[in-house]
Amino acid sequence: MKNMVELQEIGSEHEHYGFVEALLHTAFPENERRDDDRQRWNADNEEQFHCLLASDEKSPVGVLTYWDFDTFLYIEHLAIDEALRGKGYGKDVLGTFLGSHTKPVVLEVEHPTDEASRRRINFYEHCGLALWRCDYLQPPYRESDEWLPLYLMVTPVLSFEHDYELICQTIHQNVYGRTK
């Protein structure tokens, strides 16, 4: 049976926002997500930020947060409820998202150092994204945290030679409020 995934933009007052917040906590370590208050503020007030609740027949299954910039979209978080992983929801959520936007898409991934990170990169490649194997440093969400070495994955219309610097500057400044 095919999943019937719907994506709905929500704010912190939505009845399922607690699900989103709890999922972000279980799916991402503290150094890979912002504080709850700032996340809520972004969901309610930040014009470029979008928090999408993923549902299947009105039941929440996941979350996708992204930033809409002039020349590309940046997916900050994508997570599926742990009890529903492996059932095709991640592919359906990402496919629905990619199919509803015309701008190129960018996201960050960990280096492929273990089975989980290799599977994650494989997943995104099967969804049509390309891995840029050039060290990218994710600024910390908190002053006390370290910069995190990651890679970028992008829709193939982007060119490393032409787009890398602008993408890095845009993400660092707008998402993390930092410059290197």
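As the structure is a computational prediction, the values presented were derived from the model and not from experiment. For reference, positions follow the sequence shown, starting with 1.
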Cluster check V175, Y136: I/L/V/M/F/W/Y, side chain < 4.5 angstrom: yes
Any donor-acceptor N or O pair under 3.5 Å, side chains E76, W67: yes
V93 versus L78, closest heavy-atom pair with distance: CG1-CD1, 3.7 Å
Same cluster (ILVMFWY, side-chain, under 4.5 Å), L152 and F72: yes
Euclidean distance, E30 CD relative to D145 CG, rounded to 0.5 Å: 7.0 Å
Residues forming a ring-ring contact (aromatic ring centres under 6.0 Å, His included) with Y141, sequence neighbours excluded: Y176
Heavy-atom side-chain proximity of D36 to H25 below 4.5 angstrom: yes
For the student: nearest non-hydrogen atoms of L107 and I75, plus distance: CB-O, 3.6 Å
Residues that D68 engages under salt bridge (Lys or Arg N to Asp or Glu O under 4.0 Å), provided they are two or more places apart: K103
Where R142 and R34 come nearest, the two heavy atoms and their spacing: NH2-C, 3.6 Å
Closest approach of Y17 to G11 (non-hydrogen atoms, all atoms of both residues): CD1-O, 3.5 Å
Rounded distance [0.5 Å steps], OG1 in T65 versus CD in E46: 12.0 Å
All pairs passing ring-ring contact (aromatic ring centres under 6.0 Å, His included) where residues 111-133 contributes a residue, at least two apart: H111-Y151, W132-F160
Note, Q173 side chain near P139 side chain (heavy atom, < 4.5 Å): no
Interatomic spacing from CG in N122 to CD in E115 - rounded to 0.5 Å: 9.0 Å
Spacing of NZ belonging to K87 relative to CG belonging to D92, to within rounding of 0.5 Å: 13.0 Å
Path from F19 to L7 over hydrophobic side-chain contacts below 4.5 Å: no
is_close_aromatic(F97, Y66), centroid dist under 6.0 Å: yes
E125, CD atom: more than 12 neighbouring heavy atoms under 6.0 Å: yes
From R33, R40, Q39, residue fulfilling side chain to side chain donor-acceptor pair (under 3.5 Å) relative to E21: R40
L53 vs V63, side-chain contact (heavy atoms from CB on, under 4.5 Å): CA-CA, chis, key distance, verdict: CA-CA 5 Å; L53 174 69; V63 61; 5.9 Å; no
Inter-residue atom distance D135.CG - L150.CG, 0.5 Å rounding: 9.5 Å
Donor-acceptor pair between S117 and D114 side chains, under 3.5 angstrom: yes
V109 with V106, same ILVMFWY side-chain cluster at under 4.5 Å: no
Which atom of C127 lies closest to which atom of L98, heavy atoms considered: O-CD1, 3.7 Å
Close side-chain approach of L158 and I167, heavy atoms under 4.5 Å: yes
L24 and H77, any side-chain heavy atoms less than 4.5 Å apart: yes
Over 12 foreign heavy atoms within 6.0 Å of CD, E47: no
Main-chain N/O of M4 paired with D56 side-chain donor or acceptor, under 3.5 Å: yes
Separation between CZ of R118 and OG1 of T113, rounded to the nearest 0.5 Å: 7.5 Å
Single-linkage hydrophobic cluster L94~V5, side-chain heavy atoms < 4.5 angstrom: yes
Enclosure of E82 CD (heavy-atom neighbours >12, cutoff 6.0 Å): no
Identified side chain to side chain donor-acceptor pair (under 3.5 Å) partner of Q138 from the options H172, E110, E32, E108: E108
Taking every non-hydrogen atom, the tightest pair across P104 and T155: CA-OG1, 3.2 Å
Residues R38 and D35 bridged, charged N to O under 4.0 Å: no
Heavy-atom check, side chain of I10 versus side chain of V20, under 4.5 Å: yes
Residues, nucleotides or ligands: over 12 heavy atoms within 6.0 Å of D70 CG: no
